[in-house]
Amino acid sequence: MNHYIINSVIMLIPTVFALFIHNYICHGKLSIIRKITFFFIYGIMIGTIMYWIAWMRGIKGDGISYMTISHKIEFTILGCVMAFCIALAMCLIVEADVTFEKLKMYLGRFAADVKKYFRYAIRSAKADLRSEVANAYLDWLWWLIEPFCMMLIYSLIFGVVFNAAEEYFPIFIFSGLAMWTFFSRGMNVSVNIVRNNKGIITKIYLPKFILYFARMLVNGFKMLVSFGIVVVMLVLYKVPVSVEAIYFIPIMLVFFLFTFGLGSILMHFGVYVDDLSYIVGILLSMLMYFTGTFYSVGKRIPAPYGELLEQFNPVAYCIASMRNALLYNKSPQIDLLVMWGLVSGVLAVLGVYTIYRNENAYVKVI
């Protein structure tokens, strides 16, 4: 009996997640009957796919019930990733308000808006960067001094006090801190960016995601400065760099896309939920210690949870893969890189779609 319960839970979690995504895309307008119908449809589809994957991996019959706890967690998370993509595809097929034509229209509009307002985003980013150091005696040097001092502080705390022993530890800390700072600043900014730009939004039309994109350029420039210091440190520490360093580019593209997608969705909800900034701040404080910013998640957290957390936390995965490529001459897990790239793409599509459908209402709310 326990075996059937375990199998049901493993299948139930991705099914409920798929229904949640479906309902989100439809703006919560699914009736009870449609929710029940899609619940069973998603259950059959996801269950079939997951059992097929298990069969291909040599796990047959009730073998899922006898998997180790790490494999059960991995299997459930993979099911949720599949559910995320399946729900979007299902909405495009069966929902009248969510069609391929509308998706194509919004994506075309997105491409046109990016092309039209890209120069504005660049000028806005430059203006924000200048304003940050306008009254500072050391001017732009603070973009070098601040991350370097934070690296020294965290190297002392985690390297001496907590006895972390990762190879090339100062570079290990500095590179991870650069990526985490980019992500956390992006999330914090996204929640209030519409409200903070009320003066612009109420006077002229501007695609709302451009406001967030401009801030990402600001944070991206600062991260680029930090990685310039990383390059210098690689030379000073005589770190051997191999061809695997080329993976830095696709890893950062996935990381940027994930930050944009998640930030776009938070930007939408931030218009309607005043307390969201507090919630995001608390979650970021907790998440920081589960991304491996200051230590290796896979090594420090007991097996198998550390490895799972490093693989299925997209921020932790990108940080760990970047370090492996630059510092330790290791290639990333390509299947996971593709998976998180696909998830990030879906998140970005959902974010842009949500903003376009609701941006006219933002002015009334704020």
Side-chain angles (χ1 to χ4, degrees), residues 20-21 24 80 84 121 124-125 128-129 132 143 146-147 150 154 175-198 201 207-227 251-294 297 309-310 312-322 340-341 343-355 358-359 362 365-366:
F20 170 79
I21 295 298
Y24 166 79
C80 290
F84 188 65
S124 177
D128 288 341
L129 287 170
E132 286 186 10
W143 300 334
E146 182 185 10
M150 294 302 296
Y154 286 119
S175 58
L177 190 62
M179 291 182 67
W180 170 255
T181 301
F182 171 81
F183 175 77
S184 61
R185 283 177 176 171
M187 296 303 101
N188 281 319
V189 164
S190 66
V191 179
N192 295 315
I193 195 164
V194 174
R195 294 180 181 275
N196 292 341
N197 288 273
K198 179 180 178 180
I201 293 173
K208 308 307 177 286
F209 68 85
I210 290 294
L211 298 171
Y212 179 53
F213 182 70
R215 288 305 306 177
M216 287 187 66
L217 291 178
V218 172
N219 297 331
F221 176 80
K222 293 179 180 178
M223 182 173 64
L224 185 63
V225 171
S226 296
F227 272 103
I251 291 168
M252 296 306 295
L253 288 176
V254 171
F255 185 62
F256 191 91
L257 186 61
F258 178 80
T259 304
F260 175 77
L262 185 57
S264 299
I265 294 174
L266 289 177
M267 179 174 67
H268 165 71
F269 286 105
V271 176
Y272 300 96
V273 184
D274 292 340
D275 297 339
L276 188 59
S277 59
Y278 299 106
I279 298 172
V280 170
I282 293 171
L283 291 176
L284 286 173
S285 297
M286 179 182 65
L287 184 62
M288 179 175 65
Y289 295 99
F290 291 99
T291 56
T293 308
F294 314 115
V297 172
L309 190 60
E310 189 172 270
F312 294 104
N313 174 349
V315 181
Y317 170 76
C318 289
I319 291 177
S321 298
M322 176 275 300
W340 285 123
V343 170
S344 301
V346 174
L347 268 178
V349 169
L350 286 179
V352 171
Y353 175 80
T354 301
I355 291 171
N358 296 278
E359 63 179 355
Y362 294 163
V365 175
I366 61 176

For P314, side-chain contact (heavy atoms from CB on, under 4.5 Å) partners two or more places apart: F258, W340
With D274 via side-chain contact (heavy atoms from CB on, under 4.5 Å) - residues at least two apart: R195
Partner residues of F312 under the ring-ring contact (aromatic ring centres under 6.0 Å, His included) criterion, sequence neighbours left out: none
Pairwise distance CG(D128) to CZ(R215) - rounded to 0.5 angstrom: 4.5 Å
V194 and M267, any side-chain heavy atoms less than 4.5 Å apart: yes
F255 side, atom CZ; M179 side, atom CE - distance, nearest 0.5 Å: 4.0 Å
Least distance between heavy atoms, L276 atom then G270 atom: CD2-N, 3.6 Å
Heavy-atom side-chain contact between Y272 and Y362 under 4.5 Å: yes
All pairs passing salt bridge (charged side-chain N to carboxylate O under 4.0 Å, His left out) where residues 253-270 contributes a residue, at least two apart: none
Full working for side-chain contact (heavy atoms from CB on, under 4.5 Å) between V271 and N358: CA-CA 10 Å; V271 176; N358 296 278; over 6 Å; no
ring-ring contact (aromatic ring centres under 6.0 Å, His included) partners for F227, two or more places apart: F248
Contact summary for G186 and N219, nearest pair of heavy atoms: N-ND2, 3.8 Å
Atom pair CD1 (I319) and CG (L177), whose distance is rounded to the nearest 0.5 Å: 9.0 Å
Pairing residues for L284 by the side-chain contact (heavy atoms from CB on, under 4.5 Å) criterion, not counting sequence neighbours: W180, F183, S184, M187, N188, V280
Euclidean distance, T354 OG1 relative to I265 CD1, rounded to 0.5 Å: 6.0 Å
Counterpart residues, ring-ring contact (aromatic ring centres under 6.0 Å, His included), relative to F213 (two or more places apart): none
Separation of E310 CD from S321 OG (nearest 0.5 Å): 7.5 Å
Heavy-atom closest pair, residues L217 and A125: CB-CB, 3.9 Å
Solution key, residues 287-294 side-chain donor-acceptor pairs under 3.5 Å, sequence neighbours excluded:
unit_1 : atom_1 : unit_2 : atom_2 : d
T291   : OG1    : M288   : O      : 2.9
T291   : OG1    : T293   : OG1    : 2.9

Atom of S124, atom of A214 and distance for their closest heavy-atom approach: OG-CB, 4.0 Å
ring-ring contact (aromatic ring centres under 6.0 Å, His included) involving F256 - partner list, sequence neighbours excluded: F182
Any side-chain heavy-atom pair of V191 and Y278 under 4.5 Å: no
Side chain to side chain donor-acceptor pair (under 3.5 Å) against N196, all qualifying residues, sequence neighbours excluded: none
Minimum heavy-atom distance between L211 and I193, given as atom pair plus value: O-CD1, 3.1 Å
Contacts of type side-chain contact (heavy atoms from CB on, under 4.5 Å), residue L129, not counting sequence neighbours: W143, V218, F221, K222
Residues that E359 engages under side chain to side chain donor-acceptor pair (under 3.5 Å), provided they are two or more places apart: R109, Y205
Which atom of L266 lies closest to which atom of S190, heavy atoms considered: CB-OG, 3.6 Å
